[in-house]
Amino acid sequence: MRGNGFLHGWLEKLRAVVEGLPKDWRLRHSQFLTRSCLPDGGFAGRQGPASAYYTSFGLRGLFLLGAVDEDLCRRCRRFLAELKPRDLPPADLFAAIFSAPILGEHFLADWDVTHQFASLARPDGGFALTPAHGFGSVYGTYLVAESCSLLAVDLPSPGSAGSLAEKGKASEVIVDFLLSRQRADGGFAEAPFVPCGGTPATAAALATFRLLESGPDLAVKKACKFLTSMQQENGGFLAAPTSPVPDLLSTAVALLVLHDRGMLSWEQRWRAGKFVAMCEKPEGGYGASPRDQDTDVEYTFYGVLAQAILACQV
């Protein structure tokens, strides 16, 4: 695959939008993220040591805010360069790859990871989230497609673990897999046994369609309609129809793919803006929801991403 990734491509576009947001807002959140970088050069979650997973969120948040300096890059490169790709769980492996466009790809030059992607291929046509899962994951399939785009490598064939697909074949298999996960409500289900769509999985499916430059128009329209139905009175988006309250992750990814498809109205933006503001903390950082009293680098990234999308012109 060739390209700049779906998400990273949007991050590059949105940086210019963020530059136009209030300086005190940018400074508040960039300082929070910078403070969150540990002495070893990595970022951690709310507890535990630094990991490639949280380091990616910290870097991408700072990248959006235009606040990645060379000293931070040097420290993060050192932290990630010490990791061994074979020993990383898939979530951390993908995260390290997503950090590459920000830090420079040279620290991944000797990482031969395509065989690890191939090991996640499943007979149903998708890619699993972990080697322990026996079925394809919509989100896992997006992660593989995004990574292949960033690394400029071919997609492994999801229907035949370990082999590279013929040109165009992998895309067709993946599209068929994704369509098999679209439910009657228009959303996409992460797992085969889930009866209804979910917001993150639906966003992942739409992003993968964009990466593959494929996906039936009707399926896309139904998916966008489903996402619109997930927005609640307070402006946030539910993760699934059965979720008790909206969350910032679901809100940010729904806003991104709806904006990408030109399906985000002024009213939706205005309502979402109220929710995102309620998740923001005065001292910097974002929580997962208005009720969440804590902050972390992952939700801060989603908060900054959401605010950047909301600042775009309709």
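Quick caveat, the model's predicted, so the values are computed rather than measured.
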Flag, side chain of [X] to backbone of [Y], donor-acceptor distance under 3.5 Å:
X	Y	value
Q116	P85	yes
S243	V245	no
S99	A95	yes
Q232	G236	no
S149	A145	no
R269	I309	yes
T34	Q31	no
S214	F209	no
D185	G197	yes
T141	S137	yes

Rounded to the nearest 0.5 Å, what's the gap from [atom1] on [X] to [atom2] on [Y]? Could you check?
X	Y	atom1	atom2	result
R271	S265	CZ	OG	8.0 Å
F79	D40	CZ	CG	5.5 Å
C148	F117	SG	CZ	5.0 Å
T251	N234	OG1	CG	8.0 Å
L227	Q268	CG	CD	9.5 Å
L11	L59	CG	CG	11.5 Å

How close do [X] and [Y] get, heavy atom to heavy atom, and via which atoms?
X	Y	answer
K281	G287	CE-N, 4.1 Å
V17	C312	CG2-SG, 3.9 Å
V138	A201	CG1-O, 3.3 Å
L33	G58	CD1-O, 4.2 Å
P131	L120	N-CD2, 3.7 Å

Legend entry - Co-members of the apolar cluster containing F193 [side chain, <4.5 Å]: F135, V194
Legend entry - Option among D292, T295, L248 that satisfies the side-chain contact (heavy atoms from CB on, under 4.5 Å) test with Y286: L248
Distance-only donor-acceptor check, side chains [X] and [Y], under 3.5 Å:
X	Y	value
H29	Q307	no
S250	D247	yes
R60	H8	no

Legend entry - R15 NZ/CZ over F63 ring centroid, <6.0 Å and within 45° of normal: yes
Inset, instruction - Test the K23-W25 pair against the cation-pi criterion, namely NZ or CZ under 6.0 angstrom from the six-membered ring centroid and within 45° of the ring axis. - result: no
Check [Y] with [X], please: is the shortest side-chain N to carboxylate O separation under 4.0 Å?
X	Y	result
E19	R26	no
R181	D124	yes
E70	R77	yes

Inset, instruction - Apply side-chain contact (heavy atoms from CB on, under 4.5 Å) to L151 and V113, showing your working. - result: CA-CA 10 Å; L151 296 172; V113 295; 3.7 Å; yes
With a 4.5 Å limit on heavy-atom distance, are the side chains of [X] and [Y] in contact?
X	Y	answer
F6	E146	yes
F98	L7	no
V304	Y299	no
F127	Y142	no
R74	R78	yes
K221	M263	no
L155	I174	yes
V257	R210	no

Are there over 12 heavy-atom neighbours, none belonging to [X], within less than 6.0 Å of that residue's [atom1]?
X	atom1	result
E213	CD	no
K274	NZ	yes
E267	CD	no
R291	CZ	no

Inset, instruction - Output all residues satisfying side chain to side chain donor-acceptor pair (under 3.5 Å) with T130, sequence neighbours left out; order by chain, then residue number. - result: H133
Inset, instruction - Report yes if the distance between the aromatic ring centroids of F43 and Y54 is under 6.0 Å, otherwise no. - result: no
Inset, instruction - Would you confirm whether the ring centroid of Y53 sits within less than 6.0 angstrom of the ring centroid of F94? - result: no
Inset, instruction - Decide yes or no on side-chain contact (heavy atoms from CB on, under 4.5 Å) for T202 and Q182, but give the supporting numbers first. - result: CA-CA 8 Å; T202 302; Q182 190 165 31; over 6 Å; no
Legend entry - Sequence-distant partners of D69, side chain to side chain contact (heavy atoms under 4.5 Å, CB included), two or more places apart: D71, L72
Inset, instruction - Indicate, with yes or no, if L80 and L38 share a hydrophobic cluster defined by side-chain heavy-atom contacts under 4.5 Å among Ile, Leu, Val, Met, Phe, Trp and Tyr. - result: no
Inset, instruction - Please check if L93 and I102 belong to a single hydrophobic cluster, counting links between Ile, Leu, Val, Met, Phe, Trp and Tyr side chain heavy atoms closer than 4.5 Å. - result: yes
Legend entry - F32 and E283: CA distance, side-chain angles, deciding distance, side-chain contact (heavy atoms from CB on, under 4.5 Å) verdict: CA-CA 8 Å; F32 168 80; E283 66 277 13; over 6 Å; no
